[in-house]
Amino acid sequence: MRGIVHTIRVLFVLAKMQVSASMMYRINFWGVFLADLTFFMIQLLFFTVIVQNRSIGDWNIHHLTVFVGAFIALNGLYMATYFFGILALPEKIRTGALDLAIVKPVNTLLYTTFGNLNIGSFFVFFVGVGIVLYGGAQLGALSVLGLLQFTAVFSLMYVLMYAFMLLLRCASFWLTRVSVFNNFENTFVEFAFRLPLPAIRGAWKLLLFVLIPYGLMANMPAAALFGPFGFKEWILCIGVTAFFSGLALFTWRSGRRIYDSASS
């Protein structure tokens, strides 16, 4: 526990340094923010056009606004924190650069995956939260319980995305080329993050909620805000997140043992 606290302090110092560096190159800073925001606004416009004259299941445009806002907020938060750190992990394993993190007196996993922040994406996160609050207000769903549920489920989905990203990149301990996993992830993120809950039925629920759970990540926080969201949904979110988190940690530790023995 003490090692994790120490690592968090180190990451906080790194974050301050990266904020200072971002301020020196403001064009890059605002370029990332505007590019991401434009992409997500197009997504929201897309749903607006689709539901002009009808809804998707029992979700109208305000439900979809919360859904898109949750997607924007989640994407902004993980892009800001661990996305680029995990994305660089295969290259560090392949070239041996992971050694530099292993020899440091910090938690290797946290230092490696959270050591490359993208400050501009934090603004995308806040824009997403604002869109969620706007959609929730239009639905009259901004109760204390709804907001607490949204925050809790959103946090679970943030952890789930981390676990799934880490799990895919840990294949680099055994394989030399893992670009196929990047393509796999991009394809399913683009697909599942555009499917609102009423559109996911039958076998698709098993695939996108359990086996490849990208379908949970924006839908469950949205549903937690405006309901219905009951015991089954909680079990699904907690169970899937716990399973993939445990699997990712097991795979990381197994890979570390192989990497250590190979480099010793």
Reported [atom1]-to-[atom2] distance for the pair [X] and [Y], which is rounded to 0.5 angstrom:
X      : Y      : atom1 : atom2 : answer
Leu160 : Ser155 : CG    : OG    : 12.5 Å
Ile102 : Lys92  : CD1   : NZ    : 11.0 Å
Asn182 : Met165 : CG    : CE    : 8.0 Å
Leu147 : Leu133 : CG    : CG    : 6.5 Å
Tyr78  : Asn75  : OH    : CG    : 4.0 Å
Leu87  : Met79  : CG    : CE    : 9.0 Å

Has the side chain of [X] got a donor or acceptor atom that lies under 3.5 Å from a matching backbone atom of [Y]?
X      : Y      : answer
Ser172 : Arg169 : yes
Asn118 : Phe83  : no
Glu233 : Gly230 : yes
Gln149 : Leu225 : no
Asn219 : Gly215 : yes
Asn60  : His63  : yes

| When you look at CH2 of Trp204, are more than 12 heavy atoms from neighbouring residues, nucleotides or ligands closer to it than 6.0 Å? |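 At most 12 heavy atoms, drawn from other residues, nucleotides or ligands, come within 6.0 Å of this atom.
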
| field | Atom OH of Tyr134 with >12 non-hydrogen neighbours under 6.0 angstrom | value |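 Open.
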
Distance-minimising heavy-atom pair for [X] and [Y]:
X      : Y      : result
Val66  : Val132 : O-CG2, 3.7 Å
Val153 : Cys237 : CG1-SG, 4.2 Å
Met220 : Phe229 : O-CE1, 3.7 Å
Thr65  : Gly135 : CG2-CA, 4.0 Å
Ala70  : Phe154 : O-CE1, 3.8 Å
Thr251 : Cys170 : CG2-CB, 3.5 Å

Considering only heavy atoms from C-beta outward, does the side chain of [X] approach that of [Y] to under 4.5 Å?
X      : Y      : answer
Leu98  : Leu89  : yes
Pro196 : Leu64  : yes
Tyr82  : Leu117 : no
Ile200 : Leu207 : no
Phe71  : Met217 : no
Val180 : Glu185 : no
Phe244 : Leu167 : yes

| Do the rings of Tyr259 and Phe173 sit parallel, tilted or perpendicular, given the 30° and 60° boundaries? |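 The rings of Tyr259 and Phe173 stand perpendicular, inter-plane angle above 60°.
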
| query | side-chain contact (heavy atoms from CB on, under 4.5 Å) between Val210 and Lys205: does it pass, once the steps are laid out? | reply | CA-CA 7 Å; Val210 178; Lys205 285 189 174 182; over 6 Å; no

| task | For side-chain contact (heavy atoms from CB on, under 4.5 Å), just list the numbers for Leu197 and Phe67, CA-CA rounded to whole Å, side-chain angles, deciding distance to a tenth of an Å, and then say yes or no. | result | CA-CA 9 Å; Leu197 187 61; Phe67 167 69; over 6 Å; no

In terms of hydrophobic clusters joined by side-chain contacts under 4.5 Å, are [X] and [Y] together?
X      : Y      : result
Leu148 : Leu142 : no
Leu247 : Leu211 : yes
Trp59  : Leu195 : yes
Val159 : Tyr214 : no
Ile86  : Leu175 : yes

Could you tell me if the ring centre of [X] sits under 6.0 Å from that of [Y]?
X      : Y      : value
Phe150 : Phe226 : no
Phe125 : Tyr158 : no
Phe184 : Phe188 : yes
Tyr162 : Phe114 : yes

| task | Before giving the answer on side-chain contact (heavy atoms from CB on, under 4.5 Å), spell out for Leu109 and Leu249 the whole-Å C-alpha distance, their side-chain angles and the decisive distance to 0.1 Å. | result | CA-CA 9 Å; Leu109 178 58; Leu249 287 175; 3.8 Å; yes

| request: I would like to know whether Thr81 and Thr113 meet side-chain contact (heavy atoms from CB on, under 4.5 Å); could you show each step before the answer? | output: CA-CA 8 Å; Thr81 51; Thr113 55; over 6 Å; no

